[in-house]
Amino acid sequence: MSATDHSRAAGVLLLCRAEPDRVRPSAQLLREPLLLAPAGEGWSVLVPGEEAWREEGSQIAAMTADWAHALTVAETWPAVGLWWDEQGAGFVVASGFRRTVGYTWLADGTPLGGEDAMTALRARLGLDPVLDAEAFDRLTEADSDADAAARVLGLIAVLSRAGLDLGPGLAPGAGAERLRAAAGSLPEAEPVEWPGWRAAVRGPRARALGVAEVAVGAGLLLWGRRRPRVRLAGALLVADGALTIAYDAWRARQGRDGGGAP
């Protein structure tokens, strides 16, 4: 897969096996322009802005894996990242500190993944070990009538049996702008943005946010040993989280001593 020049019809969807209120704090830590919306009972969807993954030297599959891992490294729920561009499509599945795995189909639908990715997807999402396994097996078999977009649609159909319900327009083949427009029209859709360090440390959840940043950052440092961009993001999160915790502790001491806080 080439590193740049993604097609206009390239896109990413991050499917989280949790309600939006549980997903929002982890999504904020990504510090990317995202739209968050409910996607069925017990599901949420995050739609990144095009500028988040059209970076110099970026690969859309690798970026999707990085985001999915960062979302779940300090959480108990898994996430599935779907991606597509002119050269193909695929998915990644991430859950806690377990290895993030993925599967790819070429543009014509030719499968390139391994059986372990389908097994991990089924197991981490708690899907039916018989019926859903058979459906996944069909997605890994040769099929001249199924291109990459059709393969991802087939995957979405399997996940819908577990409660996933994506809104109109959130489908493979749509470009980033169309995805954002479709997500923005959904009821209860909301932008998710990093509130800024000063806003974070002044809130009642400052210490929890700091602990979450350290946990996510440490996970990224371990997971991204051969990915300089991931390691940098991890180091920044650890440093920022530690600073948040330290500042929160200082404010608490100031309050006890009667000195106040800025």
Side-chain angles (χ1 to χ4, degrees), residues 1 11-20 22-23 26-27 29-30 32 34 36 39-48 53 59-85 88-106 109 111-141 148-166 170-172 215-216 219-220 222-224 227 230:
M1 182 182 297
V12 175
L13 293 175
L14 298 167
L15 312 178
C16 303
R17 195 73 156 95
E19 300 288 349
R22 296 180 62 197
V23 172
S26 293
L29 295 180
L30 294 184
E32 301 284 2
L34 299 164
L36 171 65
E41 185 175 356
W43 287 88
S44 303
V45 60
L46 286 163
V47 183
W53 46 264
Q59 291 185 332
I60 191 170
M63 293 286 288
T64 304
D66 291 348
W67 288 330
H69 181 80
L71 279 170
T72 62
V73 69
E75 301 293 346
T76 58
W77 43 264
V80 179
L82 307 179
W83 62 268
W84 55 88
D85 65 7
F91 75 84
V92 298
V93 58
S95 179
F97 284 97
R98 286 183 283 186
R99 184 171 65 94
T100 299
V101 295
Y103 199 95
T104 298
W105 295 276
L106 297 181
L112 289 182
E115 184 178 340
D116 61 329
M118 290 294 182
T119 301
L121 179 64
R122 177 181 55 77
R124 294 179 191 182
L125 294 179
L127 303 178
D128 190 287
V130 177
L131 296 179
D132 292 331
E134 292 176 355
F136 286 149
D137 287 344
R138 289 193 290 272
L139 295 176
T140 65
E141 297 170 352
R151 300 286 199 174
V152 178
L153 283 172
L155 175 60
I156 291 173
V158 178
L159 298 184
S160 69
R161 301 206 293 249
L164 178 68
D165 184 11
L166 293 175
L170 294 179
V216 172
L220 292 178
L222 290 173
W223 184 69
R227 294 171 181 255
V230 177

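If you read the sequence from its start, that first residue is 1, and numbering goes on from there. This one's a predicted model, so the numbers in the text were calculated from it and none came from an experiment.
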Checklist entry - Are side-chain N/O atoms of Arg22 and Thr76 paired as donor and acceptor at under 3.5 Å? => result yes
Item to check | Min side-chain heavy-atom separation Val158-Leu121 under 4.5 Å | outcome: no
Checklist entry - Is the count of non-hydrogen atoms from other residues, nucleotides or ligands lying under 6.0 Å from Glu41 atom CD greater than 12? => result no
Item to check | Residues in side-chain hydrogen bond (donor to acceptor under 3.5 Å, both in side chains) contact with Asp116, at least two apart in sequence or another chain | outcome: Arg99
Item to check | Those residues that, when tested against Arg138, pass side-chain hydrogen bond (donor to acceptor under 3.5 Å, both in side chains) (two or more places apart) | outcome: none
Checklist outcome for this item: Here the salt bridge (Lys or Arg N to Asp or Glu O under 4.0 Å) pairs for residues 123-133, sequence neighbours left out, are Asp132-Arg161
Item to check | CG on Leu131 to CZ on Phe136, rounded to 0.5 Å | outcome: 11.5 Å
Item to check | Donor-acceptor under 3.5 Å (Arg151 side chain, Leu139 main chain) | outcome: yes
Checklist entry - How would you list, by chain and number, every residue that makes a ring pair (Phe, Tyr, Trp, His ring centres under 6.0 Å) with Trp105, sequence neighbours excluded? => result Tyr103
Checklist entry - Can you tell if the side chain of Val47 reaches within under 4.5 Å of the side chain of Leu34, non-hydrogen atoms only? => result no
Checklist entry - Of the non-hydrogen atoms in Cys16 and Leu46, which two are nearest, and what is the gap between them? => result SG-CD1, 4.0 Å
Checklist outcome for this item: Across all chains, not counting sequence neighbours, the side chain to side chain contact (heavy atoms under 4.5 Å, CB included) partners of Ala39 are Trp43, Val45, Leu164, Leu166
Next on the checklist: Run the side-chain hydrogen bond (donor to acceptor under 3.5 Å, both in side chains) test against Ser95 and tell me which residues pass, sequence neighbours left out.
Outcome noted: Arg98
